[in-house]
Novice: 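Pasting in a structure now, in structure tokens, and then I'll have a few things to ask.
What's counted below: heavy atoms across the whole structure, side chains too, no hydrogens, waters or symmetry copies. These numbers come from a predicted model, not from an experiment. Starting from 1, each residue takes its place in the sequence as its number.
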Amino acid sequence: MHDPELFAKRAASFGSNAVAYARHRPRYPDAAVEWVVGDRTRVLDLAAGTGKLTETLLEFALEVTAVEPDDQMRAELTRLLPDVPALKGTAEHIPAPDASFDVVITGQAFHWFNNPEALTEITRVLRPGGVFGALWNYDDTSVPWLAELNELTRSSVGDLQGLDEHTPRHALLGEAEEQTWHHAQRRTVESMLASLGTHSHLLVIDAAERARIFDKIRTYLWSRPETSQGEFDRPIITTGVRAVRV
């Protein structure tokens, strides 16, 4: 059952770990970003966090504005990317004029938005013919050691409805397209633990439960031949959706 209080707590949990988030969350594949943006130039990175996606957008020489509600996440973005305008705002209240962007893109965040209010705001700031895109990175659980790791990482807060919501549906958006890409993140046992520690379900539990889970994960990773010999690849699947504003 959906627990609104827990959902809100998880959505607001990332700022407490902003520095680790910036350092240890995986990037998004260039091909995925290019698939969303195309030949458009003026881009809003919505719910930009610490700028994981913003950084890739800048590498494409795009004109990027970031919007992020959490003060700690936004401060880390500004520290890392001081030339990017970073505005305080939410998906439901975007501080931008009508039709001011060619692209609105969000990474690892669309499932936290309050729809349809957020999509009404997104289509408001998009120019006709502009595109809304959302990206997610997931562990590739077709890989046996990662599938087992994901089971060991489960916490007492369980799964929340809405976290798998991918499809943007709004009268001013055309039919959504979906695409996937394979990529990887170089990790060690300790940096893998740091990456997992930025996930909301591990941020909101008490310290004792978190320590127990991390002890299990550490023991497991040191026991596996794939992960116990220094650096290893963490296989990732990136899912992207895009829809054109009519």
Novice: Take Thr41 and Asp102 through the side-chain contact (heavy atoms from CB on, under 4.5 Å) test and state the conclusion after the steps.
Specialist: CA-CA 7 Å; Thr41 56; Asp102 305 315; 3.5 Å; yes
Novice: With salt bridge (Lys or Arg N to Asp or Glu O under 4.0 Å) as the criterion, how do Arg124 and Asp98 come out once you've worked through the C-alpha distance, each side chain's angles and the decisive distance to 0.1 Å?
Specialist: CA-CA 5 Å; Arg124 179 185 68 79; Asp98 295 356; 2.8 Å; yes
Novice: Measure across Ala66 and Leu77 and return the closest heavy-atom pair with its distance rounded to 0.1 Å.
Specialist: CB-CD1, 3.9 Å
Novice: Can Tyr138 be reached from Leu135 by stepping across I, L, V, M, F, W or Y side chains whose heavy atoms are under 4.5 Å apart?
Specialist: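 In one cluster with Leu135: Tyr138, no.
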Novice: ring-ring contact (aromatic ring centres under 6.0 Å, His included) with Phe113: which residues, sequence neighbours excluded?
Specialist: Phe110
Novice: Assigning hydrophobic clusters by single linkage (Ile, Leu, Val, Met, Phe, Trp, Tyr; side-chain heavy-atom cutoff under 4.5 Å), is Leu126 placed with Val37?
Specialist: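 No, no single cluster joins them.
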Novice: Side-chain heavy atoms nearer than 4.5 Å, only ILVMFWY residues, links allowed to pass through others: does that put Leu57 and Val125 together?
Specialist: no
Novice: Determine which pairs satisfy ring pair (Phe, Tyr, Trp, His ring centres under 6.0 Å) with at least one residue from residues 168-197, sequence neighbours left out, and list them in order.
Specialist: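 Residue pairs with at least one partner in residues 168-197: Trp35-Trp181.
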Novice: Start with the C-alpha gap between Arg27 and Glu59, add the side-chain angles, then the distance that decides, and say whether salt bridge (Lys or Arg N to Asp or Glu O under 4.0 Å) holds.
Specialist: CA-CA 12 Å; Arg27 288 169 57 99; Glu59 292 171 0; 2.9 Å; yes
Novice: Return yes if a side-chain donor-acceptor contact under 3.5 Å exists between Thr141 and Asn150, otherwise no.
Specialist: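 Asn150 and Thr141 do not have a side-chain donor-acceptor pair below 3.5 Å.
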Novice: Please list, chain by chain and in numerical order, all residues satisfying side chain to side chain contact (heavy atoms under 4.5 Å, CB included) with Glu231, sequence neighbours excluded.
Specialist: Arg186, Thr188
Novice: Any idea which heavy atoms bring Thr238 and Pro29 closest together, and the distance?
Specialist: OG1-CD, 3.2 Å
Novice: For a quick test of reading the model, state the closest non-hydrogen atom pair linking Met192 to Leu149 and the distance between them.
Specialist: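 That would be CE-CD2, 3.5 Å.
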Novice: How close do Ala48 and Thr54 get, heavy atom to heavy atom, and via which atoms?
Specialist: CB-OG1, 3.9 Å
Novice: With sequence neighbours left out, write down each residue that passes salt bridge (Lys or Arg N to Asp or Glu O under 4.0 Å) with Glu178, or none if nothing qualifies.
Specialist: none
Novice: What residues, two or more places apart in sequence or in another chain, satisfy side chain to side chain contact (heavy atoms under 4.5 Å, CB included) together with Thr78?
Specialist: Ala86
Novice: Quick check: do Leu58 and Val84 have side-chain heavy atoms less than 4.5 Å from each other?
Specialist: yes
Novice: To the nearest 0.5 angstrom, please state how far the OG1 atom of Thr90 sits from the CG atom of Leu46.
Specialist: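 Answer rounded to 0.5 Å: 8.0 Å.
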Novice: Between Phe132 and Arg242, does a side-chain contact (heavy atoms from CB on, under 4.5 Å) hold up when you go through it step by step?
Specialist: CA-CA 5 Å; Phe132 170 62; Arg242 67 182 181 187; over 6 Å; no
Novice: I'd like to check the salt bridge (Lys or Arg N to Asp or Glu O under 4.0 Å) partners of Lys216; sequence neighbours left out, ordered by chain and number.
Specialist: none
Novice: In Å and rounded to the nearest 0.5 Å, what is the CG to OG1 distance from Leu53 to Thr106?
Specialist: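 If we round to the nearest 0.5 Å, Leu53:CG and Thr106:OG1 are 7.5 Å apart.
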Novice: Please determine, by modelled atom types, if Arg154 and His201 share a side-chain donor-acceptor pair under 3.5 angstrom.
Specialist: no
Novice: Apply side-chain hydrogen bond (donor to acceptor under 3.5 Å, both in side chains) to Thr198 and list each qualifying residue two or more places apart in sequence or on a separate chain.
Specialist: Arg25
Novice: I need the Glu190 CD to Ser195 OG distance, nearest 0.5 Å.
Specialist: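 The OG atom of Ser195 is 11.5 Å from CD of Glu190, to the nearest 0.5 Å.
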Novice: Does the side chain of Trp112 come within less than 4.5 Å of Ser200's, by heavy atoms?
Specialist: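 Side-chain contact under 4.5 Å: yes.
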Novice: Glu76: which residues meet the salt bridge (Lys or Arg N to Asp or Glu O under 4.0 Å) condition with it, sequence neighbours left out?
Specialist: Arg79
Novice: Is Arg74 salt-bridged to Asp71, cutoff N-O under 4.0 Å?
Specialist: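 Looking at Arg74 and Asp71, the cut-off is met.
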Novice: Working to the nearest 0.5 Å, report the span between CD of Glu121 and CG of Asn115.
Specialist: 12.0 Å
Novice: Can you name the residues that form a ring-ring contact (aromatic ring centres under 6.0 Å, His included) with Tyr21, not counting sequence neighbours?
Specialist: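 Listed in chain order: Phe14.
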Novice: Side-chain contact, heavy-atom cut-off 4.5 Å: Thr123 with Leu173?
Specialist: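 Answer yes - side chains close enough.
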Novice: So Glu63 and Val43, do their side chains get closer than 4.5 Å, heavy atoms only?
Specialist: no
Novice: With sequence neighbours left out, what residues match Asp206 under salt bridge (Lys or Arg N to Asp or Glu O under 4.0 Å)?
Specialist: none
Novice: To check you understand the geometry: which heavy-atom pair defines the closest contact between Ala176 and Ala243, and what is its length?
Specialist: CA-CB, 4.1 Å
Novice: Distance check, rounded to the nearest 0.5 Å: Thr153 atom OG1 versus Leu146 atom CG?
Specialist: 9.0 Å
Novice: Enter the distance from His93:NE2 to Asn114:CG here, rounded to the nearest 0.5 Å.
Specialist: 9.0 Å
Novice: Do Val36 and Val241 sit in the same hydrophobic cluster, where Ile, Leu, Val, Met, Phe, Trp and Tyr count as joined when their side-chain heavy atoms come under 4.5 Å apart?
Specialist: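 No, Val36 and Val241 fall in different hydrophobic clusters.
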Novice: Report yes or no: does Asp140 contribute a side-chain atom to a donor-acceptor pair with the main-chain N or O of Ser142 at less than 3.5 Å?
Specialist: yes
Novice: Which heavy atom of Leu87 sits nearest a heavy atom of Pro95, and at what distance?
Specialist: CD1-O, 3.7 Å
Novice: Please enumerate all residues that pass ring-ring contact (aromatic ring centres under 6.0 Å, His included) together with Tyr220, with sequence neighbours excluded.
Specialist: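 Expected list: none.
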Novice: Under a 4.5 Å cut-off applied to non-hydrogen side-chain atoms, are Phe232 and Glu226 in contact?
Specialist: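 Counting from C-beta outward, Phe232 and Glu226 never come under 4.5 Å.
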Novice: How does the hydrophobic cluster around Leu172 look, that is, which other residues are in it when side-chain heavy atoms under 4.5 Å mark a link?
Specialist: Val246
Novice: A side-chain contact here means heavy atoms from C-beta on lying under 4.5 Å apart; do Thr50 and Lys52 qualify?
Specialist: yes
Novice: Can Glu209 and Ser155 be counted as having a side-chain donor-acceptor contact under 3.5 angstrom?
Specialist: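 Side-chain D/A pair, Glu209 to Ser155: absent.
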Novice: Does the pair Glu175/Arg169 count as a salt bridge with the N-to-O cut at 4.0 Å?
Specialist: no
Novice: Do the non-hydrogen side-chain atoms of Asp45 and Val67 ever get within less than 4.5 Å of each other?
Specialist: no
Novice: Please check: side-chain N/O of Arg245 versus main-chain N/O of Val131, any donor-acceptor pairing under 3.5 Å?
Specialist: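 Side chain of Arg245 to backbone of Val131: no pair is present.
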Novice: For a quick check under 3.5 Å, do Ser100 and Arg42 share a side-chain donor-acceptor pair by atom type?
Specialist: no
Novice: Quick one, His24 and Ser191 - any side-chain contact, counting heavy atoms below 4.5 Å?
Specialist: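 A side-chain contact under 4.5 Å exists here.
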Novice: Are Val103 and Val33 co-members of a hydrophobic cluster defined by side-chain heavy atoms under 4.5 Å apart?
Specialist: yes
Novice: Between Trp136 and Tyr28, is the gap from one ring center to the other below 6.0 Å?
Specialist: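 Ring centres of Tyr28 and Trp136 not closer than 6.0 Å.
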Novice: Please assess Ile205 against Ile213 for the test side-chain contact (heavy atoms from CB on, under 4.5 Å), listing each intermediate value before the final yes or no.
Specialist: CA-CA 11 Å; Ile205 58 177; Ile213 291 172; 3.9 Å; yes
Novice: Quick check: does any side chain N or O of Glu68 sit under 3.5 Å from a backbone N or O of Gly49, one acting as donor and the other as acceptor?
Specialist: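 It does hold such a pair.
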